[in-house]
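Working notes, structure below.
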Amino acid sequence: MTPVIETYCHLRNNRIFRDGKLLFESPDTNLKDFLKSAYKFLNPGYAKFYKMDELSKLGFLAAEVLSPAFDKELRPEETGVILSNTHSTWVTDLRHQQTISDTENFFPSPAIFVYTLPNIMTGEISIRHRFRGENAFFIFEKFNPELITDYINRLIMSKKIKACLGGYVDRSTDGYDVFVYYLRSGKNSTQKPKHTAAGMWKLYEII
Amino acid sequence: MEELIEQLKQQIIEQLNLEDLEPEDIDPEEPLFGNGLGLDSIDALELIVLLEKQYGIKIENPKDGQKIFFSVKSMAEFITEHKK
């Protein structure tokens with residue numbers, strides 16, 4: 001039986017949408033200020049947020065938006081995090097490269113370097129919400145729901161997980177694009193979108 | 001020493017991205033790790049880089065780190081003793 005999506009969110013153009021409805025809009029046009037004001041709006045009380053790179057902040061905020069729907073009755077290993085993007089940690093990689101490009105002023109920053117892997121973002125989300133199920137990050141040329149939906153549905157069918165955060169969190173020098181959803185197996189509803197590739201394309205493009 | 005302590009507080013906030021803190025929130029004698037500011041191992045590495053980048057001081061023996069980075073005051077004392 002194909003799982004259904006409990007809830008989903010988009011972060012685009014300085015706005016946060018949950019289930020297709022506007023949740024928060026920031027007057028700030030640059031990403032740094034948007035992330036800060038969105039954090040203050042959601043108020044998770046998690047100071048480590050400030051130390052994260054922009055990619056992790058985007059993923060963290062998306063998970064916060066969806067977190068009221070997380071099933072607290074599940075054991076930590078029953079929730080997975082399967083995310084993807086196109087530009088990996090490109091913006092942070094550039095920042096790191098700047099710290100090492102001048103041999104006369106060679107001071108690589110550990111705090112920047114540690115975020116030069118995209119699965120650090122899935123780790124940050126997992127630590128925050130105590131998820132210890134399957135954890136994976138994929139890099140595609142563009143949003144690719146075919147592989148993600150198949151991967152997550154197989155994990156659920158094989159009973160390795162019962163719930164999962166899935167989707168796409170991308171940050172490039174041109175901007176950002178976030179579409180993340182939460183699904184829980186065994187909760188079927190004709191009202192909620194099914195976790196299929198076609199269904200995820202539709203939700204991805206809804207905003 | 002007071003001036004150096006205030007400068008260090010500002011540098012620590014900037015280097016470690018402690019954006020929710022103001023310099024006056026940091027007690028110079030409060031432990032930086034553990035129950036104090038709650039810094040972690042990555043922050044410890046950043047503090048080592050800060051000493052080298054801003055003050056030209058290299059920590060030769062990593063075991064000294066625990067004493068040097070105990071608090072902002074201990075960092076200031078170490079910088080005063082070792083600044084080139």
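Below, read A as the first sequence line, B as the second, and so on, with proteins coming before strands; counting in each chain starts at 1. Owing to the predicted nature of the structure, the values given are computational and were not obtained by experimental measurement.
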* Count the heavy atoms belonging to other residues, nucleotides or ligands that lie under 6.0 Å from CZ of F113(A), then report whether that count exceeds 12. => no
* Counting heavy atoms not belonging to W90(A), are there more than 12 under 6.0 Å from its CH2? -> no
* **CD/E24(B): more than 12 non-hydrogen atoms of other groups inside 6.0 Å** => yes
* Pick from L47(B), D43(B), I42(B): which one makes a side chain to side chain contact (heavy atoms under 4.5 Å, CB included) with P110(A)? -> I42(B)
* Please indicate whether K72(A) has more than 12 foreign heavy atoms, meaning atoms of other residues, nucleotides or ligands, lying under 6.0 Å from its NZ. => yes
* Gap between atom CG of N17(B) and atom CZ of F49(A) - 0.5 Å precision -> 11.0 Å
* Under 4.5 Å from any heavy atom of chain A - which part of L18(B) -> side chain
* **Spacing of CZ belonging to F107(A) relative to CG belonging to L50(B), to within rounding of 0.5 Å** => 10.0 Å
* Answer whether the closest heavy-atom distance between the side chains of E46(B) and I112(A) falls below 4.5 Å. => no
* Please round to the nearest 0.5 Å and tell me the distance separating atom CZ of F106(A) and atom CD of E52(B). => 10.5 Å
* Does atom CZ of R132(A) have more than 12 heavy-atom neighbours from other groups under 6.0 Å away? -> no
* Structure fact -> Scanning both residues in full, the closest heavy-atom pair of D40(B) with K48(A) reads OD2-CE, 4.2 Å
* Do other residues, nucleotides or ligands put more than 12 heavy atoms under 6.0 Å from the CD atom of E30(B)? -> yes
